[in-house]
There are 2 protein chains.
Amino acid sequence: MVKNTRRTQRGEASLSRDSIIEQSIALLDSSGESGLTFRALSEQLGTGAGAIYWHVANKGDLLNAACDSIVAQAMAAAVDGATPKEKIRAAGLAIFDAIDAHPWVGAELARSPGKMPMVRILEGIGRQVGALGVPDRALWQTASALLHYILGVAGQNAANAQFAREHEADRTDFLGAVADDWSKLDAVEYAFTRSMAAHLRDHDDRSDFLAGIDLILAGIAPAL
Amino acid sequence: MVKNTRRTQRGEASLSRDSIIEQSIALLDSSGESGLTFRALSEQLGTGAGAIYWHVANKGDLLNAACDSIVAQAMAAAVDGATPKEKIRAAGLAIFDAIDAHPWVGAELARSPGKMPMVRILEGIGRQVGALGVPDRALWQTASALLHYILGVAGQNAANAQFAREHEADRTDFLGAVADDWSKLDAVEYAFTRSMAAHLRDHDDRSDFLAGIDLILAGIAPAL
DNA sequence: ACCTGAACACCGTTCAAGT
DNA sequence: ACCTGAACACCGTTCAAGT
């Protein structure tokens with residue numbers, strides 16, 4: 001009763017799946033993946049921990065729903081672009097930016113193959129790959145190559161952000177530290193990585209991401 | 001004393017970082033990621049849980065070391081191939097197969113950006129990208145596109161295997177279930193994904209993976 | 001230097017009991 | 001139908017105490 005009153009006073013609707021997901025996103029954004037616990041969540045919502053289980057199957061379901069909410073928004077916003085290529089780039093950038101803003105989305109995306117958030121991306125990419133003129137027999141392999149590349153970048157960005165948070169450093173500090181490690185590697189055994197240390201320090205994730213998309217798109221062209 | 005005797009009788013050396021990592025790999029392979037706990041591990045090793053912390057910083061360190069052990073072996077074995085392209089394909093396949101055999105490696109790889117196991121893959125790929133004739137200014141973007149694609153596939157394969165294990169189904173059952181879900185999607189909103197359901201059911205992960213590598217390699221060629 | 005194992009501070013999840 | 005909150009069965013990690 002007291003709790004319910006407090007909830008009403010705050011202007012929140014009674015406990016619902018949507019309000020749970022909304023609060024989960026807030027918690028994930030502010031405290032990272034380790035910040036989402038049923039205890040913290042129920043406290044924010046002014047309920048008991050067990051109540052959440054009436055609306056949500058388990059923590060995996062919750063994370064997936066939170067992830068899907070972000071991905072759905074991002075994909076819906078990414079309709080700009082005149083040509084199929086531009087639309088693919090726009091879709092890629094939309095999810096890149098979404099993960100930049102919500103790093104935990106990248107980690108969750110990697111955990112839920114074939115499920116809804118991933119399907120949204122696949123659909124957006126796949127349509128445009130078809131529009132590009134890629135023949136039916138090559139559609140799957142082409143779309144899934146793009147998808148896997150995007151998921152790969154998503155996962156790394158998520159891990160970078162997660163690592164930076166744990167060590168309370170920002171992204172630049174973190175990449176600087178990695179670059180330092182790389183420049184200390186054995187000069188002959190790790191010649192390539194060593195020579196990339198400088199690049200790592202001042203590269204632009206976003207334009208590198210786009211360059212990768214373009215590389216794959218360039219690989220499609222000759223086959224058409 | 002008793003424990004030490006038992007250890008000696010089993011022919012094991014006294015507790016060491018290597019033996020801890022070895023047993024961790026065994027546990028991860030047989031029981032998945034949730035199977036690796038300090039309690040299970042210390043029982044297998046005939047020690048107390050706390051003893052492990054003398055040799056290993058924490059669970060993250062342990063997982064990373066186990067992952068690195070597998071990746072190092074895989075990359076060392078993948079030296080075959082006459083041309084740079086063949087060497088890139090060989091390296092890719094080596095880690096694909098390693099993750100097929102040890103799915104948890106795919107998940108861990110996604111979690112440790114810039115660290116040793118990832119660096120091994122980057123080094124192997126990057127050298128060959130250089131040998132391909134890619135100019136210095138494009139080396140980073142090209143190598144990292146290939147790397148991210150590989151990590152993306154690695155992550156998805158790991159998640160597929162993990163999901164199949166949790167539901168005690170095999171990979172085929174799992175993909176069949178996903179294909180069923182896809183074929184029930186809305187016909188207009190998810191036209192592309194829906195049409196891919198059949199492909200999903202009988203595709204070959206390994207050859208799809210290789211097709212993606214070839215697509216990226218094909219995208220490099222025009223720029224040379 | 002290395003190991004023991006109890007203790008601490010958490011988790012996700014369940015479930016009898018309430019309304 | 002929905003919620004409560006104590007209880008259960010775990011975790012990773014620490015640390016005084018041992019050898």
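Chain letters run A, B, ... following the sequence lines, proteins first, then strands; residues in each count from 1.
Distance, L41(A) CG to dT4(D) P: 13 Å, rounded to whole Å. Remark: P of dA1(D) and CZ of R17(A) are 18 Å apart, rounded to the nearest angstrom. dC2(D) atom C1' lies 11 Å from atom CD1 of I20(A), rounded to whole Å. The distance from atom CD of E43(B) to atom C1' of dC3(C) is 17 Å, rounded to the nearest whole Å. Spacing between atom CD1 of I52(A) and atom C1' of dC3(D) amounts to 11 Å, rounded to whole angstrom units. Summarising the geometry, the separation between CG on L45(B) and P on dC2(C) is reported as 16 Å, rounded to the nearest angstrom.
Between A49(A) and A49(B), the one whose closest nucleotide on DNA chain D sits nearer the 5' end is A49(A).
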Given Watson-Crick and G-U pairs under 3.5 Å, DNA chain C in dot-bracket ([ ] crossing, | other strand) is ||.|||||...|||||.||
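For R39(A), there are no salt bridge (Lys or Arg N to Asp or Glu O under 4.0 Å) partners two or more places apart in sequence or in a different chain. Taking E33(B) as the reference, R111(B) meet the salt bridge (Lys or Arg N to Asp or Glu O under 4.0 Å) condition, with sequence neighbours excluded. For F174(A), the ring pair (Phe, Tyr, Trp, His ring centres under 6.0 Å) criterion is met by F163(A), not counting sequence neighbours. Legend: residues meeting side-chain contact (heavy atoms from CB on, under 4.5 Å) with D100(A), ordered by chain and number and at least two apart, are absent. With sequence neighbours excluded, the residues that form a ring pair (Phe, Tyr, Trp, His ring centres under 6.0 Å) with F38(A) are Y53(A). When the salt bridge (Lys or Arg N to Asp or Glu O under 4.0 Å) test is applied to D208(B), no partner is found at least two apart in sequence or on another chain. Among residues two or more places apart in sequence or in another chain, the ring pair (Phe, Tyr, Trp, His ring centres under 6.0 Å) test is passed with F209(A) by F96(A), Y149(A). Looking at residues two or more places apart in sequence or on another chain, you find a side-chain contact (heavy atoms from CB on, under 4.5 Å) between T172(A) and D170(A). By the salt bridge (Lys or Arg N to Asp or Glu O under 4.0 Å) test, D205(A) pairs with R171(A), sequence neighbours left out.
Near DNA chain D, meaning a heavy atom under 4.0 Å away, the residues from residues 53-63 of chain B are Y53(B), N58(B), K59(B). Taken residue by residue, residues 27-39 of chain B places heavy atoms nearer than 4.0 Å to DNA chain D at L36(B), T37(B), F38(B), R39(B).
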Go through the steps to decide whether K115(B) and D68(B) satisfy the test salt bridge (Lys or Arg N to Asp or Glu O under 4.0 Å), and finish with yes or no.
-> CA-CA 9 Å; K115(B) 288 207 285 206; D68(B) 195 44; over 6 Å; no
Side chain to side chain contact (heavy atoms under 4.5 Å, CB included) between T37(A) and L27(A): does it pass, once the steps are laid out?
-> CA-CA 9 Å; T37(A) 68; L27(A) 232 29; over 6 Å; no
